[in-house]
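Encoded as structure tokens, the structure appears first; notes follow it.
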Amino acid sequence: MTLEELKAKIESELNDIKLNLQTLSELRAQYLGKKGPIQELMLEMKNIPQEERPAFGQRINALKVLANELFDAKKKELEEKQVEEKLKKESVDISLPGKEFNQGSIHIISKVIEEVEDLFIGMGYEVKDGPEVETDEFNFQLLNVPKNHPARAMQDTFYVDVEKLLRTQTSAAQAHTMLEYGGTKDIRIICPGKAYRRDEDDATHSHQFTQIEGLVVTKDVTMADLKGTLEVMAKKLFGDDREIRLRPSYFPFTEPSIEVDVSCFKCRGKGCALCKDTGWIEILGAGMVNNNVLKMCGYDPKVYQGFAFGVGVERIAMLKYGIDDIRSLYSDDLRLLKQFKL
Ligand code: DAH
């Protein structure tokens, strides 16, 4: 093979599109290796007349350099191609829609409870728990509601048996705490939790609902303290510029008993549908702990006084977030729950 033929052959081999880095390196060894055609041409040198040898040698060398350059260039080209292909395979299509994942959030009922807990913990109260399956004694009798008392009609009850029932009010925690504290220790507690009544479920009633009970028993607590405490709570829940008003009411376990209204946060007292044009919205019941309750639970009413209050959490949540059906709060419909996402 002449030098020209060899050069043309190498060039045509390097043009083969099937070439890859592996076959390229084999090809290079084949042409430029010790037993390759270029080396063979070198060996032929001895058969060439003396005076032609330098020129011949130069041409072989030039071919060798050129072949090396060609192989290097091809190698670079193939390496670049390989990187490009790899990048193509690894590339992320940022125009594809992402995977949606749902982030949960706290439910409004829990949110209201936490807000109230925060406030009262800050004022030195303890947060108490109580059993949902109660005895008639704690749910009613110790709260001054003996058997056959007409006030029982206000709270239609789920009975488990003659003595056990599902608590109709978190007020049951009052008697538990007073007996636990033994008639000598001051009490400042709130008790959030579920309560149950045999009501027909509708937009404003649910057979299971949530209350927060509050109880303070000390030697010097007065109705003024109760009013101040409830005012702080109303402002925390409905805004700093809210006012409250107290109306006389009746609960067997408090004397006097009051119902508490907050100035309407929607119309700011002018009158609207939410406050039924009165400028006020009822939010809770409260009062000074009835002497009979103190006595039955081991506190001497000549030495100790107390105040108590009970708030319906669903009612607060509904007012605060403009929800008109209590059943929405127990729905597992995500479309609905997401609207309340806080
Ligand atoms: N337990 C009452 C209810 O469920 C609410 C209540 C009223 C609680 C007055 C109190 C209170 O502690 O003093 O209707």
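Note that ligands are numbered from 1 as they come in the structure, with each ligand's atoms numbered from 1 the same way. Worth saying up front: this structure is predicted, and the values here are computed from it rather than measured. Positions are given from 1 along the sequence.
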Would you tell me whether Asn291 and Glu255 have side-chain atoms, one donor and one acceptor, within less than 3.5 Å of each other?
no

Can you find a heavy atom in the side chain of Glu117 that is under 4.5 Å from one in the side chain of Ile190?
yes

Go through Glu231 and Arg245 one step at a time and tell me if the salt bridge (Lys or Arg N to Asp or Glu O under 4.0 Å) criterion holds.
CA-CA 9 Å; Glu231 200 169 282; Arg245 97 180 161 178; over 6 Å; no

Taking 4.0 angstrom as the limit and counting only heavy atoms of Ala308, give me the atoms of ligand 1 inside it, by number and element.
12 (O), 13 (O)

So which heavy atom in the protein is nearest atom 12 (O) of ligand 1, and how far is it from that ligand atom?
Glu213 OE2, 2.6 Å

The atoms of ligand 1 lying under 4.0 Å from a heavy atom of Gln174, numbered in the order shown, are 12 (O)

Less than 4.5 Å apart, any side-chain heavy atom of Glu26 and any of Gln30?
no

Check for me whether Met154 has a heavy atom closer than 4.0 Å to any atom of ligand 1.
no

Shortest protein contact, atom 14 (O) of ligand 1 (heavy atom only)
Arg197 NH2, 3.7 Å

How about Ile281 and Asp261: do any of their side-chain heavy atoms sit closer than 4.5 Å?
no

Atom 5 (C) of ligand 1 [closest protein heavy-atom partner, distance rounded to 0.1 Å]:
Gly310 CA, 4.1 Å

Parallel, tilted or perpendicular: which describes the rings of His207 and Phe158, with under 30° parallel and over 60° perpendicular?
perpendicular

For Gly287, the atoms of ligand 1 under 4.0 Å from one of its heavy atoms are 13 (O)

Which atoms of ligand 1 have any heavy atom of Ser171 under 4.0 Å away?
1 (N), 8 (C)

Numbering the atoms of ligand 1 from 1, which are under 4.0 Å from a heavy atom of Gln169?
1 (N), 2 (C), 4 (O)

For residues Gly271 and Asp277, report the shortest heavy-atom separation together with the two atoms involved.
C-OD1, 3.4 Å

In terms of atom number and element, which parts of ligand 1 are under 4.0 angstrom from non-hydrogen atoms of Thr254?
13 (O)

Taking only heavy atoms of Phe251, which atoms of ligand 1 are found under 4.0 Å from at least one of them?
7 (C), 9 (C)

Residue pair Met45 / Phe56, side-chain heavy-atom distance below 4.5 Å:
yes

Where ligand 1 meets Phe253 - atom numbers and elements under 4.0 angstrom, heavy-atom basis:
1 (N), 2 (C), 6 (C), 7 (C), 8 (C), 9 (C), 10 (C), 11 (C)

